[in-house]
Undergrad: 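To start, I am sharing the structure in question, which I have written as structure tokens.
In what follows, every chain begins at residue 1, and chains take the letters A, B, ... in the order their sequences are listed. Note that the structure is a prediction, hence the values are computed from the model and not measured.
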Protein chains: 2
Amino acid sequence: MPEPSTDLRLTLVRIARRMRQQKAEGEVGDGQRSVLFCIQDRGPQTLGALADNDLVTPPSMNRTVNVLIERGYLTRETSTVDARRVSIDLTDAGRTWVRETRRRRDAWFTTRLAKLTPEERDALALAEPVLRKLAES
Amino acid sequence: MPEPSTDLRLTLVRIARRMRQQKAEGEVGDGQRSVLFCIQDRGPQTLGALADNDLVTPPSMNRTVNVLIERGYLTRETSTVDARRVSIDLTDAGRTWVRETRRRRDAWFTTRLAKLTPEERDALALAEPVLRKLAES
DNA sequence: TATTGTTATACTCTATAACTATA
DNA sequence: TATAGTTATAGAGTATAACAATA
């Protein structure tokens with residue numbers, strides 16, 4: 001009986017740790033990248049929407065957003081229709097960052113992927129939507 | 001051209017976060033579980049071996065080990081052959097914990113897996129060794 | 001009153017640097 | 001000297017609780 005549950009879980013923990021280690025000094029972290037990509041794809045977002053999207057609490061997301069504003073990648077404006085809400089959008093620098101990052105992709109991860117066999121890459125491509133479903137359930 | 005790199009990476013980040021959220025109060029965390037399982041499978045380990053296994057630094061692992069000793073799951077003894085080394089082993093309570101955990105597996109993760117289709121589970125099973133390879137590269 | 005966001009605070013995990021003991 | 005482990009310290013990421021503003 002294979003029961004891959006525990007192995008898979010530990011593997012996922014380990015790879016997340018490994019990816020985190022790859023973040024170079026001053027670079028944009030995973031949580032930050034996720035926010036920038038989300039806004040690029042879907043347009044300006046409220047704080048709550050960003051928090052929901054990344055499965056974090058509003059205070060956590062607020063902090064991430066603050067960092068990105070300090071770095072000049074995002075702006076925050078009070079909504080004109082509902083003054084409780086804020087609208088968080090990319091600056092030109094943010095948009096450029098996303099475009100550049102998408103173009104060259106993530107160096108470490110892409111290099112590792114390139115070293116896999118086509119079959120291994122297929123296995124990952126097939127698993128990705130399943131993992132996403134798992135994360136969102 | 002699919003280029004799954006970025007999507008996969010963000011999905012992996014998100015699922016790691018989701019798993020972390022599932023840790024109930026007082027439970028054993030992912031890093032801790034990994035250590036207990038490793039010793040159960042391979043016998044007593046040195047601190048360095050445990051650190052290498054989980055891709056963390058010795059100080060990090062030392063801290064994890066200290067927590068597990070405080071909880072009564074591990075013991076630490078100076079090696080008889082080389083007094084610089086320590087031998088870290090499971091207590092009876094630790095062994096029981098591993099056995100119980102292996103028996104009922106991880107509740108949250110197992111439940112989610114059970115809700116997938118057989119094809120989806122196959123996709124994960126095929127991807128697991130590839131992810132592991134990626135983590136270790 | 002309920003919703004949206006923010007501030008204050010604290011906890012977990014991890015790292016780097018410096019230190020101790022032993023080989 | 002080199003190695004194994006430990007201690008001290010700091011940073012990133014996250015959470016909960018309390019608060020403010022608006023609907």
Undergrad: For B:T64, answer base if it contacts any base atom (sugar-phosphate contacts may also be present), sugar-phosphate if it contacts only those atoms, and nothing otherwise; contact means non-hydrogen atoms under 4.0 Å.
TA: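 Contact class for B:T64: none.
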
Undergrad: How would you label the contact of B:S79 with the nucleic acid (heavy atoms, under 4.0 Å): base, sugar-phosphate, or nothing?
TA: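 Answer is nothing: B:S79 stays at 4.0 Å or more from every strand.
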
Undergrad: Go through B:D54 and B:R33 one step at a time and tell me if the salt bridge (charged side-chain N to carboxylate O under 4.0 Å, His left out) criterion holds.
TA: CA-CA 11 Å; B:D54 276 355; B:R33 175 174 38 242; over 6 Å; no

Undergrad: DNA chain D: B:N62 or A:T80, which has the more 5' nearest nucleotide?
TA: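 So the residue in question is B:N62.
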
Undergrad: Atom CZ of B:R18 and atom P of D:dA15: how far apart are they, to the nearest Å?
TA: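 Taking CZ of B:R18 and P of D:dA15, I get 11 Å after rounding.
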
Undergrad: Counting only side-chain nitrogens and oxygens, does B:T57 get under 4.0 Å of the OP1 or OP2 atom of C:dT14?
TA: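 Looking at the OP1 and OP2 atoms of C:dT14, neither is under 4.0 Å from any side-chain N or O of B:T57.
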
Undergrad: Around atom CG of A:D41, are there more than 12 heavy atoms from other residues, nucleotides or ligands closer than 6.0 Å?
TA: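 Counting other residues, nucleotides and ligands, CG of A:D41 exceeds 12 neighbours.
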
Undergrad: Any donor-acceptor pair under 3.5 Å between the side chain of B:R84 and the base of D:dT3?
TA: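 When only heavy-atom distances are counted, B:R84 does reach the base of D:dT3 through a donor-acceptor pair under 3.5 Å.
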
Undergrad: What is the distance, to the nearest angstrom, from the CZ atom on B:R14 to the P atom on D:dT14?
TA: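 Going from B:R14 (CZ) to D:dT14 (P), I get 12 Å.
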
Undergrad: Is there a side chain to side chain contact (heavy atoms under 4.5 Å, CB included) between B:F109 and A:L134? Walk through the geometry before answering.
TA: CA-CA 9 Å; B:F109 203 63; A:L134 220 45; 4.0 Å; yes

Undergrad: What is the distance from CZ of A:R76 to C1' of D:dA21, rounded to the nearest Å?
TA: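 So the two atoms are 15 Å apart, to the nearest Å.
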
Undergrad: Roughly, in whole Å, what's the span from CZ in A:R33 to P in D:dA12?
TA: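 It is 16 Å, rounded to the nearest whole Å.
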
Undergrad: Tell me which of A:T46 and B:S60 sits closer to the 5' end of DNA chain C, going by the nucleotide each one is nearest to.
TA: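 Comparing both residues, the 5'-ward one is A:T46.
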
Undergrad: In whole angstrom, what separates A:L50's CG from D:dG13's C1'?
TA: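 Atom CG in A:L50 sits about 16 Å away from atom C1' in D:dG13.
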
Undergrad: Once rounded to the nearest 0.5 Å, what's the spacing between atom OG1 of B:T117 and atom NZ of B:K115?
TA: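 Between atom OG1 of B:T117 and atom NZ of B:K115 there are 14.5 Å.
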
Undergrad: Pick the closest DNA chain D nucleotide for B:Q45 and for A:M61 by heavy atoms, then say which residue is nearer the 5' end.
TA: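 Counting from the 5' end, the first nearest nucleotide belongs to B:Q45.
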
Undergrad: With a 4.0 Å cutoff (strictly under), does any side-chain N or O of B:R85 reach OP1 or OP2 of D:dG5?
TA: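 No, outside the criterion.
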
Undergrad: Starting at atom CG of A:D30, determine the distance to atom P of D:dG11, rounded to an integer number of angstrom.
TA: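 Going from A:D30 (CG) to D:dG11 (P), I get 20 Å.
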
Undergrad: The side chain of B:Q32 is closest to which nucleotide in this list: D:dT6, D:dT16, C:dC13?
TA: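 Given the options D:dT6, D:dT16, C:dC13, the side chain of B:Q32 is closest to C:dC13.
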
Undergrad: In whole angstrom, give the distance that lies between atom CG of A:L47 and atom P of C:dT7.
TA: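 After rounding, the reported distance stands at 11 Å.
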
Undergrad: Taking for each residue the nucleotide of DNA chain C bearing the nearest heavy atom, is the 5' side occupied by A:P59 or by B:P58?
TA: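 Mapping each residue to its closest nucleotide by heavy atoms, the 5'-most match is A:P59.
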
Undergrad: Can you tell me how far the CG atom of A:L12 sits from the CZ atom of B:R132, to the nearest 0.5 Å?
TA: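 The distance works out to 11.0 Å.
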
Undergrad: Under 4.0 Å between any heavy atoms, over every strand shown, what does A:R63 touch: base, sugar-phosphate, or nothing? Just pick one.
TA: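 It contacts base atoms.
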
Undergrad: Atom CG of A:D82 and atom C1' of C:dA2: how far apart are they, to the nearest Å?
TA: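 Computing the A:D82:CG to C:dA2:C1' distance gives 12 Å.
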
